[in-house]
Q: 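The structure under discussion is supplied below as structure tokens; questions concerning it will follow.
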Amino acid sequence: MSLESWLKETEVEEEITFEEVEETTTTEEKLRLKGVYLVSADYDPDRSKVVLKFYDPKTEKIFLWYDCFNHKPYCYSKEDVEALKRKPEISQNERIVGLDREERLDPITDRKISVTKIVAADPLAIGGTRVSLREKLRVWEADIKYYLNYLIDMDLQIGIPYDVTKNKITESKLEMDPVATEIAEKVLKDVENKEEYEKWLKILSAEIPVFKRVAFDLEVFTEEEIIPSTSKADQPILAASFYGSDGLKKVLIHDIEGKLTEDMFKDKEYEVEIFRNEKSMIARIMEILEQYPFVITFNGDNFDFPYLYHRAIRLGFRKEDIPIKLGRNDARIIWGIHIDLYKFFFNKSVKSYAFKNRYDIVSLEEVSEALLGEGKVKLEEIVSKVSPSLLADYSFTDGKLTYELTSFNNDLVMKLITIIARISNMTLEDVCRLAVSNWIKNRLIQMHREKRYLIPLKDEIKAKGAERFTEPITKGKKYIGAVVVQPKPGVFFNVVVMDFASLYPSIIKEYNISYETVRCLHPECKDNIIPGTPHWVCKRKRGLMSEFVGIIRDLRVRVFKKLAKDQRLSKNLREFYDVVQGALKVIINASYGVFGSEAFPFYYLPAAESVTMTGRNVITKTIEYCRKLGLDVIYGDTDSLFLHNPPENKLDELVKFAKREFKLDLEVDKVYRYVAFSVRKKNYFGVLTNGQIDVKGLVGKKRNTPKLIKDAFFKSLEVLREVYTPEEFEKAKEQVKKIYFDTEERLKKREFTLDEVAISVVLGKRLEDYTSTTPEHVKAAKLLQTVMNREVKPGEVIRYVKTRGRLGVKPIEGASEKLIREIDVKRYIELLKSTFEQLMDAIGIDLEREVRGVNRLESFM
DNA sequence: GCGGACTGCTTACCT
DNA sequence: ACAGGTAAGCAGTCCGCG
């Protein structure tokens with residue numbers, strides 16, 4: 001049967017609709033829920049109310065709770081009520097329902113001001129459309145999402161348990177672990193704002209429930225290797241897979257040709273349901289999904305849910321019967337929480353701080369391979385062409401991997417998301433979709449509100465400070481960054497690396513850096529200068545950012561890191577506290593960067609450069625003190641100092657100096673048996689005292705280096721790992737040389753596979769955006785697109801080889817081993833040479849001379 | 001018209 | 001939509017050279 005006739009046939013079938021979404025419990029008079037976790041909030045435009053989502057771990061269900069306090073959205077004006085009433089934007093707007101005078105503190109001037117609260121009937125009257133108040137008048141606090149505003153006003157905290165009745169929400173009593181209490185009490189004794197700490201301790205140490213969830217993945221028919229259009233949704237769904245925390249393992253298969261039987265899938269590890277009718281299959285998909293309060297996808301915002309939605313519409317479902325809400329950048333499910341892992345793993349902070357850049361490309365394949373050690377089912381062809389059995393396996397594995405990404409290490413990812421939601425007080429959905437500047441922004445907004453500060457507008461912050469003062473070292477940057485010490489070339493045995501514990505956040509904390517405190521308006525603060533700048537810092541008030549970073553940092557170092565190691569606690573609990581301290585670290589590490597990012601509402605270059613300039617001063621002064629102590633500084637970068645053969649007692653003195661002089665913690669980071677430097681910065685290797693190899697920045701470890709060269713490089717490192725004394729170096733050097741020449745021989749004789757000489761480079765932007773130059777990988781990508789008719793997208797890895805042909809490159813995809821004959825061996829030898837030069841430079845081999853020597857020898861033979 | 005010096009673009013890395 | 005600093009290769013341009 002052709003696809004077209006098949007579609008026609010389905011249209012005449014009887015109407016299938018989704019089951020009614022469960023009526024919310026608010027209508028029940030008796031509603032009484034205990035220990036239910038607040039996980040989300042949203043605005044329901046139909047009821048003109050905020051809806052809260054509570055997760056009950058006992059029944060494993062989500063309850064929707066609609067506002068019953070008649071809370072209204074609002075913003076502020078600096079004009080008085082009378083003046084506002086004279087404005088047509090206010091007087092002729094029936095959606096403005098109230099004007100109230102209020103007192104606020106302007107954090108920039110540190111003076112009380114009177115403002116008018118403009119109350120509206122719905123959030124769109126404030127902002128979000130072209131005719132909203134925000135676009136017409138100069139108003140404050142008008143771009144806070146309404147449901148987040150609600151949480152703040154109602155003093156609600158995401159991620160902790162509540163007892164809920166129809167018209168009352170109270171925090172559940174939380175029992176803190178006695179060990180945690182003991183450690184926390186010590187810290188509480190000497191902090192300036194005890195209540196704030198207590199609040200945080202309670203929020204962060206609350207238990208996290210197991211979230212009942214299902215991972216969901218859709219496979220759709222496609223003619224070519226292109227992603228089907230979600231808006232057209234003109235191709236049938238082929239399969240849907242489910243993997244649930246309750247053990248559900250299921251694949252729904254669409255039997256387009258009417259040839260499938262259940263027997264064909266008998267020995268699978270998952271159940272299979274076969275559907276002749278796509279419409280019933282969609283209804284079944286929805287039925288399964290709705291049994292789970294949390295739905296996990298990998299890219300469900302931009303593919304699975306929009307496709308499902310539009311396909312359902314196309315097949316005749318009514319809009320109001322589909323419980324999916326498609327936004328500009330997200331897909332929400334009205335009965336629960338949709339978590340899109342693609343967005344979460346794409347997050348720069350998550351990628352680097354939580355997962356240490358263990359994955360480079362954000363794809364289900366790469367991320368699972370890196371974090372789970374398990375990849376997708378490999379297909380030789382596109383999904384539309386493989387056998388039903390293979391398609392089912394493929395789909396199932398995608399669902400399974402997606403689920404496992406949330407369950408590995410004892411539900412690490414779910415916990416991480418929950419803890420970040422607690423810190424930022426954002427919904428779980430927002431946490432996994434928005435970036436770190438948003439997380440920090442939301443918590444700062446709440447802090448402003450709690451202190452009754454009026455949140456300044458971006459232009460007010462900008463107008464307050466002079467432009468940046470420093471010149472960046474790197475072209476195209478906005479201000480100066482860190483100091484990198486020129487390394488002393490050579491091999492050094494017994495090297496101790498000292499570093500300042502989270503230097504920038506500590507500076508923000510200790511030096512009171514915040515947008516309102518740097519260049520404050522108090523005359524008496526103007527002598528409190530940041531070294532090397534004309535900026536000064538407030539002496540009268542603690543800055544908001546400084547307070548926030550200070551608390552988070554203290555709690556991490558003094559409470560949660562300790563708890564994570566406390567042997568009196570169960571392994572489970574220690575693991576949990578370790579996740580907490582890890583989440584705190586993610587936030588702390590990003591706290592400086594946001595000051596220099598325009599996307600951040602509290603963007604303020606004088607604050608950013610105050611941090612880096614203080615850092616420069618700290619490291620420079622510490623190096624000077626090392627000289628005084630007779631310590632030999634052979635290298636340093638930003639917050640670290642490499643000391644050659646330092647006497648123990650001198651190190652103690654250095655630590656004391658840092659504490660006394662800067663109030664900062666300097667500590668031993670690592671100790672090298674030996675470390676080898678060339679003249680290059682950020683470029684060295686060493687062997688730690690435990691025998692572990694540490695390579696930094698060398699070409700040999702870069703992801704785009706061909707395997708052949710990489711292997712030779714790491715083989716050499718293995719040799720160097722066995723070196724314990726300067727004498728042993730000589731033998732090792734000979735071995736490294738041999739590895740080099742052996743590899744060169746292999747290249748000359750073409751004894752390699754295509755895979756070994758493939759160069760993998762990420763395509764950074766769309767092909768047509770490379771306007772000034774055409775780098776090699778772009779040439780290869782263009783060949784892929786034009787010759788092989790294969791669409792290439794930014795973010796994709798292009799694998800190519802260097803050839804002797806006109807263009808000099810060819811893509812690997814679809815090529816046979818015959819391509820080896822075209823390889824430009826000469827250019828690979830150059831690559832090998834430069835890779836080894838970095839290594840050999842450091843250990844004192846002049847590669848150029850060695851090569852000439854051998855060549856001369858060869859020419860005689 | 002050609003080659004070396006130079007600059008700018010691009011990617012990947014370090015802290 | 002967190003930052004700046006560094007290395008390296010290649011593409012493209014400029015300049016000198018009878």
Q: Tell me if the aromatic rings of Phe602(A) and Tyr515(A) count as close, with their centers under 6.0 Å from one another.
A: yes
Q: Phe713(A): what forms a ring-ring contact (aromatic ring centres under 6.0 Å, His included) with it, not counting sequence neighbours?
A: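 ring-ring contact (aromatic ring centres under 6.0 Å, His included) list for Phe713(A), sorted by chain: empty.
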Q: Between atom CD1 of Ile144(A) and atom CD of Glu141(A), what is the distance when rounded to the nearest 0.5 Å?
A: 4.5 Å
Q: Scan Ser591(A) against the nucleic acid and name what it touches under 4.0 Å (heavy atoms): base, sugar-phosphate only, or nothing.
A: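 No contact at all - Ser591(A) keeps every heavy atom at 4.0 Å or more from the nucleic acid.
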Q: Give one of base, sugar-phosphate or nothing for Lys441(A), where a contact means two heavy atoms less than 4.0 Å apart.
A: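 No contact.
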Q: Are more than 12 heavy atoms, taken from residues, nucleotides or ligands other than Lys826(A), located less than 6.0 Å from that residue's NZ atom?
A: no
Q: Tell me what Val611(A) touches on the nucleic acid: a base, only sugar-phosphate, or nothing, going by heavy atoms under 4.0 Å.
A: nothing
Q: Might you confirm whether atom NZ of Lys802(A) has over 12 heavy atoms from other residues, nucleotides or ligands at distances under 6.0 Å?
A: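 Enclosed.
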Q: Between Tyr674(A) and Tyr672(A), does the ring centre distance come in under 6.0 Å?
A: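 Distance test on ring centres: not under 6.0 Å, no.
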Q: Is it true that, when you exclude Phe346(A) itself, more than 12 heavy atoms of the residues, nucleotides or ligands shown sit nearer than 6.0 Å to its CZ?
A: no
Q: Over all strands shown, is Gln838(A) touching base, sugar-phosphate only, or nothing at heavy-atom distances under 4.0 angstrom?
A: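 Sugar-phosphate contact only - Gln838(A) comes under 4.0 Å of backbone atoms but never of a base.
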Q: Could you tell me whether Phe595(A) contacts a base, only the sugar-phosphate backbone, or nothing, with contacts defined as non-hydrogen atoms closer than 4.0 Å?
A: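 No contact.
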Q: Would you indicate what Lys779(A) reaches in the nucleic acid, counting non-hydrogen atoms under 4.0 angstrom: base, sugar-phosphate, or nothing?
A: sugar-phosphate
Q: Provide the start and end nucleotides, 5' to 3', of the part of DNA chain C that has atoms under 4.0 Å from heavy atoms of chain A.
A: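 Terminal contacting nucleotides, 5' to 3': dA1(C) to dG12(C).
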Q: Answer yes or no: does atom NZ of Lys670(A) have more than 12 heavy-atom neighbours from other residues, nucleotides or ligands under 6.0 Å?
A: yes
Q: Starting at the 5' end of nucleotides 10-15 of chain B, put B wherever the base has a protein heavy atom under 4.0 Å, S where only the sugar-phosphate does, and a dash everywhere else.
A: SSBSBS
Q: Under 4.0 Å, heavy atoms only, any strand: does Gly593(A) hit a base, just the sugar-phosphate, or nothing?
A: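 The answer is base, as Gly593(A) lies within the cut-off (heavy atoms under 4.0 Å) of a base atom.
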Q: Assign Ala590(A) to base, sugar-phosphate, or nothing according to its heavy-atom contacts below 4.0 angstrom with the strands shown.
A: base
Q: Using a cut-off of 4.0 Å on non-hydrogen atoms, how would the nucleic acid contact of Thr474(A) be classed: base, sugar-phosphate, or nothing?
A: base
Q: Is Asp755(A) salt-bridged to Lys707(A), going by a charged N under 4.0 Å from an acidic O?
A: no
